[in-house]
Amino acid sequence: MKPTKKALFACMLCTPLMMNAQSEETSEGKNGKEEGNRNVMLNASSANGPREIQIGLPSTDVNVLENGLPVTFATNPHSVNSNWRMDASHSHVGLLKISETAITTGNIGYAVNSWTKIGEKGFHGSLNYKANHFGMQEFSFNANGSLTDNWLYSASIYQDFDPGTFDIKSSKLQDRTQIYKFSLTHLYGNGRGQFSAMYHYSNSHPVSNYATQSAPFIYVGDGSVKEYGKFKLGTTSYLPIDANMTYRDMRTGQIGQISLYDASENRSSQVFLSNKYAWDNGLTWTASARYDHARGAFVYQTPMSLTNVKNNSAYNYQFINSLGEREAYTGEYVQSRMSCLNAGDIDEMLFTTELSKRFKHSTLRFGLNEWLYNIDYASNTTMYDQSVPADGSYPVRVFDANKRNYYFYDFNKNASEYYKGTENKLAAYLTHDWDICDKLNAYYGARLEWQRINGENAAVRNAAGEYVGRFSDYYLGATAADGTVIKPASLDYNWINYDFTAALTYKITKQFGLTGDFTYIVQHPRIENFAPATLPNTNKITVPLGRGGIYYNNKWISLTSLFSYISKTNNNSTLNLQHGSEIMAAPMSYDIQTWGWTTDAIIRPFKGFELHALFTYQKPTYKKYETSVKFSDGYEGKINATGNIVAEIPQVLIELDPSYMITPDLKIWASFRYFSKTYANINEAYYFNGRWESFGGVNWKVNKMLDLGCTVINFLNQTGAKGSIAGAELITKEEAANYKNCLMTGSYLRPLTVEFTAKLNF
C-alpha cells in the first residue's frame, strides 16, 4: 500500500529550502556538494534513522546514498531504515545539497550522503555502543587494515535490539536489525586511486516504523489533547497481544496467516564494486555498481473509525477469551484498524560513473546513471476491530456478532495493491563549478533521463470501460459483482525527464555578498504509483525551486537570509475516506506550492560557545486538491481543499542549537526545534497547537581511545499528539466545532528518553 494521506504527510519534507549559513563555504569547499549544521541523525521520531530535512513538499522517498548510490531504489516496500544505519562501518556521513541530489539522482530534496570505510594501512578498530533506559541495545563494530602494501580489508557488524518505548507483546521487538559488511580494496600505485569489492547482508524487522505509532487521546477542541484514562501516550501499547493476522493473498486468493514480526521482515544481499583513478592532468574517473537481491516489507496498522458502542443495541461486540469461549465486550469504544501487509521481491542493478576535470578556475563533471529495478509487489489488506481500554491494559480483538464470527474481515477491500515489472532509468548529467572572477562564482548543471516502465498491475476495467474498484475478497482471478474477472493489466511507458540547476554567489565585500539558485525538475510517475485500482495521472510532474538572498560572515557570526519558492504538480496519492464504518480508497492527483523566508545563523560570541539558529516562515498550500467517492448507502464524500494549508505542516519553524566546550575534551549541547500550529486533517477542521522538540547531552573524550556520551530526547517532557487524526478526512470545520472533549486516535510525540553512548577506537 502506498501511504494514505495520513501516513504520507506524516513524513513530509516541508521547510522552505534551508541552507548552511556559511553559503560561501561548505564541508566540501566553495559551492561544494554538501550542507552543514543539519544534525542529520538527531531524530525525534526514530531512535535509529536519519531525520528528514524539510523543503516544502511531500516526500516520495527519503534520499540516502551509500558510496554514491541510493541505498534503495524505492522506499516502498524496502525502507532505508531496514537496510542502512549510521554505524561504525561509515567513514563519512553528510548531507547533499538539493541541487546536487537533483542532478545526480533525479530526485528532489536533501540526501544523506554516506561512505563506507574501505580500510587503512596497519590495523584499526572501532566499537560503538548505544543503549537507552527503555532497554534498547545497539552495537556496531568495524575492523580494518592492510593485508599487503596494496591490499586493504574492512569488516563491519551492526546489531540492534530495540523493544521500543513500550512492550507491545505482539512482536519479539519493535526493531531487530542486523547488518554485515566485508570489503577488499586494491590500491593503485602512486596514490592514483583504488578498486573495491564489498559484500553487504542485512536482515531487519522494523515493526515500529508504521505499526506502533498511534494511540487514543481526548481532543479538547482548542488544539490541545488530554490523555485517555490511564493510557499514557508513547509508553502504553495500543496493539492487541495476538501477533497473527489473517489475510487473503492478492495473487492466489488463498487465506493465510502471518505474525506482525514476520510480515515486517526485510532481507538484502548485495555485491558492490567501485573504482577510482586519477591522472596527472587533473582528470578523475569513478565508477560504482551494485546488485541487490532483496525482500522489502513493512506493515501498516492504520487506525480508522473509533465508535462509541456503549449501550448501543445496534452493535453486539464479542471476543474469544483464553478458554476459547465467546465473551461479551462491555467496553465503551471500539477501534477499527486496517492492516496493510506490504511486501515485494526485489532485484536492483545500479551503476553510476563520473569523469571530472579540474582546471585552474573551475571543475567540470560528466556522469552516467544506469539504474534497473525489478519488483514483484503486493499489499494484502485486512480489517479487524479492537477494544480501547481506558485502564492502560492491552487491547483485545473484538468482532460484531451481528455481522461476523471472527476478527478479520474485508480482505483486500480498501487499499490492496499489486504491481510487477521493471523500471529502468538511463541518465546523463553535467555540472560546471566556475570561479568567473574573485568576486563571482557560478555553478550550473543539467540532467537528461530516459525512464521506462514495463510490467503489469491490477487496474482493471469492466465492459463499460470503467475501473473496477477493490471489493471484499479481491484477488487476481476473483469475479466482481458486475461479472468482470480480475486479471493483470499490462503496463508499458517511456518518458524523457530532465533537470537543470544554476547558482550564483557574488562577493560584494570579503564578508558580505548575494547568493541565489534555481533548480527545475521534470519527472513522471514511478512504478509504485501504479499500485492502486486506477491508473495514476501520467502527465509530467514539474518542480520549480528558487531562492535568493544575502550572506554575511565575520569572526563571530555567519548568516544567510533567503526568500524561497517551491511547487510541485501532479502529486499522485490515495486517500482512504471513511463514512460510518465503511472505508473507500480515493486515488487522486493534486498540486502543492510553498513560499517561504529562512534565516540561518552560526554565532560564536566567545571562545568555546557556538549557537546555530534557524528561523523559517512558510505557507504551503494545496492547489487543485479535489476528490470524491460514493459509499454503498449513496452518500458522496467530497473534498475540496484547494487553497488550504497543507495538513501536518507548520508555518513557523525555529531551530536553536547551543553548545559549549567546557574543556577541550568535554562538551555540553542542546537542540530545540519549534513547530507552530498544524492542521490534523485536509479540511483544516482539526488542529494541534505548536510544540517544542528538545534534545540535550554531554560528550566526553576520555582519552584518545574512548569517547562517552549521554543524550536526553524530549528533556522538556512534552506529551501530546501530532500528525493527523484517524478517520477525519471528510470532517469539515463546521462539523468539527461540535467535537470537543472527544476521544480520537492519532500519532504522538516521542516520550522522554535517555540514551548512553560509548565509542572505543583501537
Side-chain angles (χ1 to χ4, degrees), residues 13-42 44 51-56 94-99 110 441 503-517 545-566 594-619 650-661 667-676 690-697 699 716:
L13 307 185
C14 57
T15 307
L17 316 185
M18 301 180 290
M19 77 184 287
N20 184 4
Q22 296 181 350
S23 64
E24 186 180 0
E25 298 288 334
T26 72
S27 63
E28 294 195 5
K30 182 164 45 185
N31 281 317
K33 299 177 182 179
E34 293 187 0
E35 298 278 357
N37 304 300
R38 291 272 68 89
N39 287 326
V40 172
M41 295 300 295
L42 205 59
R51 68 177 287 207
E52 294 172 278
I53 306 299
Q54 306 165 342
I55 67 165
L95 192 71
L96 285 186
K97 289 183 174 182
I98 296 173
S99 56
Y110 294 102
N441 173 269
L504 284 174
T505 300
Y506 180 67
K507 303 175 185 177
I508 298 175
T509 69
K510 290 184 177 180
Q511 297 175 323
F512 176 73
L514 304 177
T515 183
D517 60 83
L545 176 162
R547 56 188 177 181
I550 62 170
Y551 71 87
Y552 177 76
N553 299 318
N554 63 24
K555 293 181 179 179
W556 65 274
I557 188 171
S558 298
L559 180 144
T560 298
S561 188
L562 300 169
F563 288 96
S564 60
Y565 171 82
I566 188 170
T594 302
W595 291 92
W597 170 51
T598 296
T599 297
D600 193 354
I602 302 171
I603 305 167
R604 305 180 184 91
F606 54 87
K607 184 178 180 180
F609 179 81
E610 179 176 292
L611 173 66
H612 170 236
L614 176 73
F615 171 83
T616 296
Y617 173 77
Q618 62 183 4
K619 193 169 183 180
Q651 292 182 255
V652 175
L653 299 102
I654 300 171
E655 290 191 27
L656 300 172
D657 304 312
S659 65
Y660 179 65
M661 297 295 300
K667 176 182 179 180
I668 59 172
W669 60 272
S671 181
F672 304 90
R673 300 176 192 159
Y674 175 72
F675 302 81
S676 66
R691 71 178 196 275
W692 284 93
E693 291 179 356
S694 56
F695 308 80
N699 296 336
L716 296 178

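Quick note: numbers below take in every heavy atom, side chains included, and nothing from hydrogens, waters or symmetry partners.
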Roughly how far apart are [X] [atom1] and [Y] [atom2], rounded to 0.5 Å?
{"X": "Trp595", "Y": "Lys619", "atom1": "CH2", "atom2": "NZ", "value": "12.0 Å"}
{"X": "Thr560", "Y": "Asp600", "atom1": "OG1", "atom2": "CG", "value": "6.5 Å"}
{"X": "Ser558", "Y": "Gln511", "atom1": "OG", "atom2": "CD", "value": "10.0 Å"}
{"X": "Thr598", "Y": "Arg547", "atom1": "OG1", "atom2": "CZ", "value": "9.0 Å"}
{"X": "Thr616", "Y": "Tyr674", "atom1": "OG1", "atom2": "OH", "value": "13.5 Å"}
{"X": "Ile654", "Y": "Trp692", "atom1": "CD1", "atom2": "CH2", "value": "5.0 Å"}

**OP:** Take Asn553 and Lys510, measure what side chain to side chain contact (heavy atoms under 4.5 Å, CB included) needs, and give me the verdict at the end.
**Re:** CA-CA 8 Å; Asn553 299 318; Lys510 290 184 177 180; over 6 Å; no

| task | Determine the interplanar angle of the Phe563 and Trp597 rings, folded into 0 to 90°, and report it as parallel if under 30°, tilted if 30 to 60°, perpendicular if over 60°. | result | parallel

If you define the side chain from C-beta out and look only at heavy atoms, does anything of [X] sit under 4.5 Å from [Y]?
{"X": "Tyr660", "Y": "Phe606", "result": "yes"}
{"X": "Glu693", "Y": "Leu716", "result": "no"}
{"X": "Tyr565", "Y": "Thr594", "result": "no"}
{"X": "Trp669", "Y": "Glu610", "result": "no"}
{"X": "Trp556", "Y": "Ile603", "result": "yes"}

Sequence neighbours excluded, the answer for side-chain contact (heavy atoms from CB on, under 4.5 Å) partners of Ile508 is Tyr506, Phe512, Leu514

Would Leu653 and Glu655 satisfy side chain to side chain contact (heavy atoms under 4.5 Å, CB included), going step by step from the backbone distance to the final call? CA-CA 7 Å; Leu653 299 102; Glu655 290 191 27; over 6 Å; no

Non-hydrogen atoms of [X] and [Y] that approach each other most closely:
{"X": "Leu611", "Y": "Pro658", "answer": "CD1-N, 3.7 Å"}
{"X": "Tyr551", "Y": "Lys507", "answer": "OH-CG, 3.2 Å"}
{"X": "Phe672", "Y": "Ser694", "answer": "CD2-CB, 4.2 Å"}
{"X": "Gly549", "Y": "Leu562", "answer": "N-CD2, 3.5 Å"}

Residues at least two apart in sequence or cross-chain that pass side chain to side chain donor-acceptor pair (under 3.5 Å) with Ser659, listed by chain then number, are none

For the side chain of Ser676 and the backbone of Gln651, is there at least one donor-acceptor N/O pair under 3.5 Å apart?
yes

